[in-house]
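Each residue takes its place number in the sequence, starting with 1.
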Amino acid sequence: MNKTELIAAVAERTGHTKHDTALLADALFTVIEESLIGGSEVKVPGFGKFAVKHREARVGKDPRTGEEKEFPAKRVAVFRPAKPLKDALNDCDPLHIA
């Protein structure tokens, strides 16, 4: 599902226009992004937690050439699902996953 499909599905469920839903989605994503940049976590009970994780610098290899390459330290966004979401994913019928 891409962003357009997500907005259409939410608009259909809520009865709001796609335009209003798109504004809400953009605002939601912006708030999450700003919170992560500021060093805060975003917790959504029953769904999960968005957080920032620090990755240390490391040396890796180019799989094509075998040449060693240095990767600098960086911060990455991570998502940790909450237990109800994990349970829902494990309780679903795997044959009906799109």
Side-chain angles (χ1 to χ4, degrees):
M1 175 179 280
N2 62 32
K3 183 179 176 183
T4 303
E5 294 167 339
L6 175 65
I7 289 169
V10 172
E12 185 178 321
R13 285 192 181 204
T14 63
H16 290 87
T17 65
K18 288 181 185 178
H19 179 264
D20 289 344
T21 305
L23 291 174
L24 177 67
D26 288 340
L28 177 67
F29 297 142
T30 299
V31 169
I32 292 172
E33 179 182 354
E34 289 172 350
S35 294
L36 293 176
I37 289 170
S40 298
E41 295 180 339
V42 178
K43 298 176 186 178
V44 181
F47 184 71
K49 175 173 67 171
F50 297 92
V52 176
K53 182 178 179 182
H54 179 77
R55 285 206 182 141
E56 297 292 333
R58 64 184 178 89
V59 176
K61 287 189 178 181
D62 184 328
R64 285 180 270 168
T65 64
E67 182 181 338
E68 285 193 355
K69 181 178 177 182
E70 288 190 30
F71 295 96
K74 63 181 178 179
R75 296 182 339 156
V76 294
V78 294
F79 174 74
R80 294 185 182 101
K83 186 167 181 351
L85 178 57
K86 287 181 190 178
D87 292 344
L89 290 172
N90 289 313
D91 290 343
C92 69
D93 183 357
L95 299 176
H96 289 95
I97 295 176

Quiz item: For L36 and V52, which heavy atoms make the closest approach, and how far apart are they?
Solution: O-CG2, 3.3 Å
Quiz item: When clusters are formed by joining ILVMFWY residues with side-chain heavy atoms under 4.5 Å apart, either directly or through shared neighbours, do L28 and F50 land in the same one?
Solution: yes
Exercise. Step through the shown structure and confirm whether more than 12 heavy atoms of other residues, nucleotides or ligands are within 6.0 Å of NE2 on H19.
Key: no
Practice problem: May I ask you to check whether over 12 heavy atoms, not counting those of E12, lie within 6.0 Å of atom CD? | Solution: no
Exercise. Please list, chain by chain and in numerical order, all residues satisfying side chain to side chain donor-acceptor pair (under 3.5 Å) with T17, sequence neighbours excluded.
Key: D20
Quiz prompt | Heavy-atom closest contact (L6 atom, F29 atom, distance) | solution = CD2-CZ, 4.2 Å
Do any side-chain atoms of residues 55-84 form donor-acceptor pairs under 3.5 angstrom with protein atoms, and if so which ones, sequence neighbours left out?
from: D62; atom 1: OD1; to: R64; atom 2: N; distance (Å): 2.9
from: T65; atom 1: OG1; to: E67; atom 2: N; distance (Å): 3.2
from: R75; atom 1: NH2; to: I37; atom 2: O; distance (Å): 3.4
from: K83; atom 1: NZ; to: D87; atom 2: OD1; distance (Å): 3.3
from: K83; atom 1: NZ; to: D87; atom 2: OD2; distance (Å): 3.0

Practice problem: Any pair with a residue in residues 21-34 that passes salt bridge (charged side-chain N to carboxylate O under 4.0 Å, His left out), sequence neighbours left out, goes on the list, sorted by first then second residue, please. | Solution: K3-D26
Quiz item: Would you say K18 has more than 12 foreign heavy atoms packed within less than 6.0 Å of its NZ?
Solution: no
Quiz item: Are V10 and L85 grouped together when hydrophobic residues (ILVMFWY) are joined by side-chain heavy atoms under 4.5 angstrom apart?
Solution: no
Quiz prompt | I7 versus T21, closest heavy-atom pair with distance | solution = O-CG2, 3.6 Å
